[in-house]
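Sequence positions, counted from 1, serve as the residue numbers for this chain. Here the structure is a predicted model, which is why all the values come from computation and not from measurement.
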Amino acid sequence: MPAAAGEAGELIEGVPTLIRIGPALLLALHLPPALAAEAAAPPVNTRSAAFAALNRCSATRQQDTCLEARSALEALIRQEEVAEQRVLHPRCLGALTHVETVLAAFRWRLENAGNLQRVIDAAAGQCPASTASAAVGQ
């Protein structure tokens, strides 16, 4: 019995430590499946996907297509916000945020398809195709 009482005392003393590190342990248990799924996914050319979605939105003006374009554009903007990308292509991020603004106005029917397409084409010129492949390789 005394041995069991000693073990119980050790467990009780360890409870505050477990309470402090409990959330971290739970998070650690949930990370591997997410990382495994991300690692299993094939690399996506963010630039190509974004510009293809933007061109579909401009051509069709369907809300679901334009929502997809917005999401793809946001992913490309996040990619271009990295300091290395801003050094390599200093005008790309500004061009993409301009597309984001015009796309929002287009979705609210405050902008025409011709102007959106002009802004998309200008951004494509400012964001070379090598941008996405360099980020995917990192």
Side-chain angles (χ1 to χ4, degrees):
M1 277 299 222
E7 290 173 13
E10 290 172 12
L11 287 175
I12 292 171
E13 290 172 5
V15 169
T17 303
L18 288 175
I19 290 173
R20 278 196 318 259
I21 65 170
L25 291 173
L26 288 173
L27 181 62
L29 291 173
H30 291 288
L31 282 179
L35 291 176
E38 186 176 296
V44 175
N45 187 334
T46 309
R47 181 194 182 279
S48 295
F51 282 107
L54 286 165
N55 288 326
R56 280 191 307 274
C57 170
S58 174
T60 64
R61 199 176 208 137
Q62 294 176 353
Q63 283 299 319
D64 57 340
T65 305
C66 291
L67 286 173
E68 290 173 19
R70 185 189 72 178
S71 297
L73 179 60
E74 288 172 354
L76 182 57
I77 288 172
R78 280 191 304 275
Q79 175 181 300
E80 290 299 321
E81 286 176 330
V82 176
E84 296 148 0
Q85 293 299 328
R86 289 190 307 205
V87 169
L88 289 173
H89 309 104
R91 293 188 176 110
C92 181
L93 184 59
L96 292 175
T97 56
H98 187 206
V99 171
E100 185 177 38
T101 302
V102 175
L103 177 63
F106 179 78
R107 289 182 56 227
W108 284 95
R109 301 200 181 275
L110 300 173
E111 192 63 72
N112 63 43
N115 192 42
L116 176 60
Q117 191 61 54
R118 183 186 59 75
V119 172
I120 292 168
D121 293 341
Q126 295 297 328
C127 302
S130 62
T131 301
S133 59
V136 169
Q138 292 177 352

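Here the CD atom belonging to Gln79 is positioned 9.5 Å from the CG atom belonging to Leu96, to the nearest 0.5 angstrom.
For residues 107-127, no residue pair satisfies the salt bridge (charged side-chain N to carboxylate O under 4.0 Å, His left out) rule, not counting sequence neighbours. Here side chain to side chain donor-acceptor pair (under 3.5 Å) pairs that include residues 93-106, with residues two or more places apart or in two chains, number zero.
Under the side-chain contact (heavy atoms from CB on, under 4.5 Å) criterion, Ala113 pairs with Ser58, Phe106, not counting sequence neighbours.
Heavy-atom minimum distance, Arg86 versus Glu80: CG-O, 3.3 Å. Among all heavy-atom pairs drawn from Leu103 and Cys57, the shortest one is CD1-SG, 3.6 Å.
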Show me the donor-acceptor pairs within less than 3.5 Å that the side chains of residues 70-77 make with the rest of the protein, sequence neighbours left out.
| unit_1 | atom_1 | unit_2 | atom_2 | d |
| --- | --- | --- | --- | --- |
| Ser71 | OG | Leu67 | O | 3.2 |

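Using modelled atom types, no side-chain atom of Arg56 and backbone atom of Gln62 make a donor-acceptor pair closer than 3.5 Å.
Side-chain heavy-atom separations under 4.5 angstrom define the hydrophobic clusters, and the remaining members of the one that includes Leu110 are Trp108.
Within the 4.5 Å cutoff, the side chain of Asn55 has heavy atoms near those of the Gln117 side chain.
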